[in-house]
Amino acid sequence: MKKLTFLLLILISNLTYSQLNIDHYIGVGETLVQIGNYVGAIENFNIVIRFKPHLPEPYYFRAVAKHQLEDYRGAIQDYNTAINIKPYYPDAFMNRGLAYLQLNEYAKAIEDYNRAIELDPGNSTIYNNRGIAKVSMKDIDGAIADYDKALELNPKFTNSFINRSNARLMKNDIKGAIKDLNQAIIIRPHYSSAYLLRGLARFELNDYASALRDFDQCLKLDPKNSNAYNNRGIVKQKLEDFKGAISDYNLALQIDPTLANAYMNRGIAKEALKLPGSEADFAVASKLDPKLAFKPKEEEYLKHPLSHQKAGQTAQQNQATTNQNTAQASPTQPTQSAQTKQPPLADKKNADPNSGLSDPIQNSEQKKETKEERDRRRYRLALADERDVPSAKEAIADDGRIQNKNIVIDLQPIFVLSSYNKFGSDYIHSQYYNLELETINNLNNYNPVISISNQPANDLKEIFRNNILFFNEKIRSNSNESLNFLSRGIFYFLDNDYARSLNDLKKSIDLNDKNLLAYFARANCQMKMTDQFEQIRQNSDAIKIPLRNDPKKNKDIMVETVPDYNDILNDYATCISLNPNFAFAWFNQSYVKCKLHNYEGALADLNKAIDIEKDFAEAYFNRGLTKIYLDDVEGGAMDLSKAGELGIQDAYNIIKRYCN
């Protein structure tokens with residue numbers, strides 16, 4: 001009986017510890033969201049979901065983290081799961097509504113806000129957000145009613161004053177808008193967006209001096225506000241200070257090289273001064289926005305240059321907010337709305353030809369992107385890329401929003417047979433288990449360890465050369481063992497001695513034509529040789545590759561015929577025939593097909609790789625990029641969301657730039 005009691009106590013203790021451990025991960029995840037470490041938060045909630053998939057909170061908080069990374073579709077997917085588990089979850093409805101709003105799906109956003117209000121009628125932020133959605137649906141009166149209700153519930157809710165001023169500007173109630181903006185500035189005197197909007201309103205009243213002061217104050221508080229520079233330039237242009245206007249347009253375009261109206265305005269100012277470059281500015285403006293595909297006369301274009309900025313031009317002005325009483329759950333904190341650098345909803349709309357900037361209510365329904373729109377989007381990205389060249393200082397985003405860091409966008413590289421120093425601090429266990437690897441590692445007694453990786457190991461060259469010497473001795477002892485030649489071939493490959501690697505891999509296959517890893521390694525080796533050839537082809541007429549920088553041995557193996565992709569694909573196909581569940585062969589084969597522009601074939605291979613390895617992050621990433629290239633933006637965004645969830649942070653940058 002004592003033994004039974006003791007065992008029962010142990011079981012109860014273990015269960016309690018397990019529960020506490022899950023609670024610990026949830027608590028850590030929430031803290032990481034609060035401090036802005038959204039990637040770390042997602043990692044924590046992944047662990048909780050793996051062991052407790054029936055809890056709604058991990059999905060909700062993971063959605064919040066994705067939301068802050070601007071992965072709106074991935075966030076909606078997690079909000080959906082949280083709501084399915086817990087149907088009476090007002091915060092989830094509210095935040096899902098915000099995600100729909102940021103994807104311009106206004107009807108769905110309003111539906112979610114209606115449901116959230118049913119569950120939490122005293123929440124001012126829900127009314128504020130629903131008002132923004134109604135503005136987008138051109139229901140201005142309905143929006144003002146929602147802002148009124150939000151201010152009734154929270155008389156110091158600055159965002160609702162700002163948003164109501166937007167709506168009043170749309171109704172040409174300029175004095176009412178200025179009254180709201182004055183109140184917002186009294187509550188938050190350092191709120192740059194309030195000065196920007198008040199400057200617009202004062203411009204409408206032809207009070208140019210006051211408008212100029214407001215734009216100056218906005219820039220003092222927010223020196224990176226491209227819209228404020230553009231607007232100030234327009235005021236200067238109205239005052240016939242064309243040189244000052246051009247200077248402001250230049251500053252605006254340094255910050256945002258995709259600002260179509262700044263190009264148009266600068267072109268007009270250059271024409272007025274008879275300076276060169278006006279035609280080039282008009283051409284860029286028309287490529288960015290077809291409504292600017294005309295050569296305006298200054299008096300026509302500048303008559304009401306700010307008339308359609310009334311809904312606000314920065315993320316602060318029309319920024320939807322979340323429940324102020326649940327700060328730990330909010331994807332957009334009310335206190336952050338004055339500081340966030342996320343692009344406003346208005347920036348995604350087409351600019352009116354009579355406006356200085358963009359109109360946030362012109363397109364209230366989501367439409368399928370046309371080829372012309374897609375070309376313009378890619379042109380804007382190309383312009384932005386000229387500014388966003390990665391630098392050492394910009395390698396890491398400093399605020400947790402890693403989607404803002406500068407990256408070079410490319411497919412995840414192929415997986416190869418690699419090795420690590422298992423006694424070193426940088427030893428990384430193989431991410432994916434594979435039976436063939438176990439066979440070769442058992443033969444070598446796990447010394448050295450062979451792994452599969454797509455990460456470089458260039459700092460271990462000396463170890464690789466020592467391993468080559470080690471397998472020289474093993475081959476002298478037993479020259480009939482296929483795996484010995486395979487092992488040495490792997491280390492020749494890692495030492496960039498591709499000719500010797502190919503010789504060993506061929507010998508390994510001759511000894512055992514069922515050796516899957518030998519075919520895999522040979523395909524990878526030929527792939528690297530092909531890549532080297534492509535790099536030097538423009539500088540050489542001969543199809544030759546120096547394979548090793550060793551003067552004593554170059555006489556024997558100076559050149560090698562470059563293998564074509566058919567040989568590589570044949571080896572991957574052999575791998576698949578030997579083991580159809582070898583996911584890495586499918587992945588690498590898809591990479592080759594992408595290089596050959598066979599994107600449909602690549603998609604099929606990546607589908608198969610993901611079917612085999614459900615959490616194959618690199619496959620999701622490459623499939624997402626391939627889908628985007630094939631103009632399946634929604635499908636690409638969901639795959640990139642999954643890749644980001646599984647740890648590939650660059651996915652969030654691509655979602656922001658290409659999918660939102």
Side-chain angles (χ1 to χ4, degrees), residues 411 413-420 436-437 440 448 450-472 474-475 482-513 515-575 584-585 587-589 591-592 595-596:
L411 294 171
I414 62 171
F415 281 82
V416 301
L417 296 174
S418 186
S419 183
Y420 294 91
E436 285 80 5
L437 280 181
I440 190 170
I450 305 296
S451 64
I452 294 182
S453 173
N454 71 341
Q455 300 302 314
N458 296 325
D459 55 337
L460 299 175
K461 296 286 188 183
E462 195 60 38
I463 293 175
F464 297 156
R465 288 164 191 155
N466 289 334
N467 287 333
I468 290 170
L469 297 175
F470 171 72
F471 283 106
N472 286 345
K474 290 195 73 171
I475 289 171
S482 171
L483 294 179
N484 285 341
F485 285 98
L486 171 58
S487 298
R488 190 173 69 176
I490 291 169
F491 288 107
Y492 275 134
F493 170 81
L494 294 172
D495 194 32
N496 300 334
D497 190 348
Y498 300 131
R500 287 191 174 87
S501 177
L502 280 179
N503 287 336
D504 274 355
L505 296 171
K506 182 179 183 303
K507 182 66 174 176
S508 177
I509 292 169
D510 289 341
L511 291 169
N512 178 6
D513 62 0
N515 191 334
L516 179 152
L517 293 181
Y519 289 104
F520 184 69
R522 187 170 72 177
N524 296 337
C525 186
Q526 293 179 112
M527 187 72 181
K528 290 292 184 181
M529 293 175 69
T530 304
D531 288 344
Q532 282 198 354
F533 167 69
E534 289 179 348
Q535 290 173 9
I536 68 169
R537 183 171 52 183
Q538 293 180 350
N539 300 322
S540 175
D541 294 329
I543 306 179
K544 297 179 179 180
I545 297 179
L547 297 172
R548 193 170 168 80
N549 201 11
D550 188 344
K552 294 181 180 179
K553 302 187 178 165
N554 276 350
K555 291 182 180 180
D556 297 327
I557 55 166
M558 172 60 91
V559 297
E560 181 75 19
T561 302
V562 176
D564 62 26
Y565 287 114
N566 286 331
D567 293 335
I568 298 169
L569 289 172
N570 287 338
D571 275 347
Y572 287 139
T574 302
C575 292
F584 304 103
F587 178 88
N588 287 8
Q589 184 171 264
Y591 185 93
V592 177
K595 288 179 76 72
L596 295 172

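Residues: numbered from 1 along the sequence shown. If you're wondering where the values come from, they're calculated on a predicted model, not measured in any experiment.
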Worked verdict on Ser419 versus Ile490 for side-chain contact (heavy atoms from CB on, under 4.5 Å): CA-CA 9 Å; Ser419 183; Ile490 291 169; 5.8 Å; no
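- Using cut-offs of 30° and 60° for the angle between ring planes, the Phe587 and Phe415 rings count as perpendicular.
- The number of heavy-atom neighbours closer than 6.0 Å to NZ of Lys461, taken from other residues, nucleotides and ligands shown, is above 12.
- Residues meeting the side-chain hydrogen bond (donor to acceptor under 3.5 Å, both in side chains) test with Asp504, sequence neighbours left out: Arg488.
- Salt bridge Asp531/Lys595: present, at least one basic N to carboxylate O contact under 4.0 Å.
- Listed by chain and residue number, Ser418, Tyr420, Gln455 satisfy the side-chain contact (heavy atoms from CB on, under 4.5 Å) test with Ser453 (two or more places apart in sequence, or in another chain).
- Side chains of Leu569 and Leu596 form a contact here, defined as non-hydrogen atoms less than 4.5 Å apart.
- With rounding to the nearest 0.5 Å, the separation of CZ in Arg500 from SG in Cys525 is 12.5 Å.
- The shortest distance between side-chain heavy atoms of Leu505 and Tyr519 does not fall below 4.5 Å.
- The CZ atom of Phe470 sits 8.5 Å away from atom OG of Ser487, with the distance rounded to the nearest 0.5 Å.
- A distance of 4.0 Å separates CG of Asp495 from CZ of Arg465, quoted to the nearest 0.5 Å.
- When all heavy atoms of Pro448 and Asn467 are compared, the closest pair comes out as CB-ND2, 3.8 Å.
- Considering only heavy atoms from C-beta on, Leu417 stays 4.5 Å or farther from Phe491 through its side chain.
- In this structure, Leu502 and Met529 have side chains that are in contact, with non-hydrogen atoms separated by less than 4.5 Å.
- If you take CG on Leu437 and CD1 on Ile450, they are separated by 8.0 Å, rounding to the nearest 0.5 Å.
- Note that CG of Leu516 and CD1 of Ile509 are 10.0 Å apart. Values are rounded to the nearest 0.5 Å.
- Shown here are the salt bridge (charged side-chain N to carboxylate O under 4.0 Å, His left out) partners of Lys528, two or more places apart in sequence or in another chain: there are none.
- Remark: Met527 CE to Tyr565 OH distance equals 5.0 Å, nearest 0.5 Å.
- Considering all non-hydrogen atoms of both residues, Ser482 and Asn515 come closest at OG-ND2, 2.9 Å.
- Side-chain contact of Tyr572 with Asn570: a donor-acceptor pair under 3.5 Å is absent, judged by distance alone.
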Going through the checks in order, is the side-chain contact (heavy atoms from CB on, under 4.5 Å) test met by Leu483 and Leu511? CA-CA 9 Å; Leu483 294 179; Leu511 291 169; over 6 Å; no
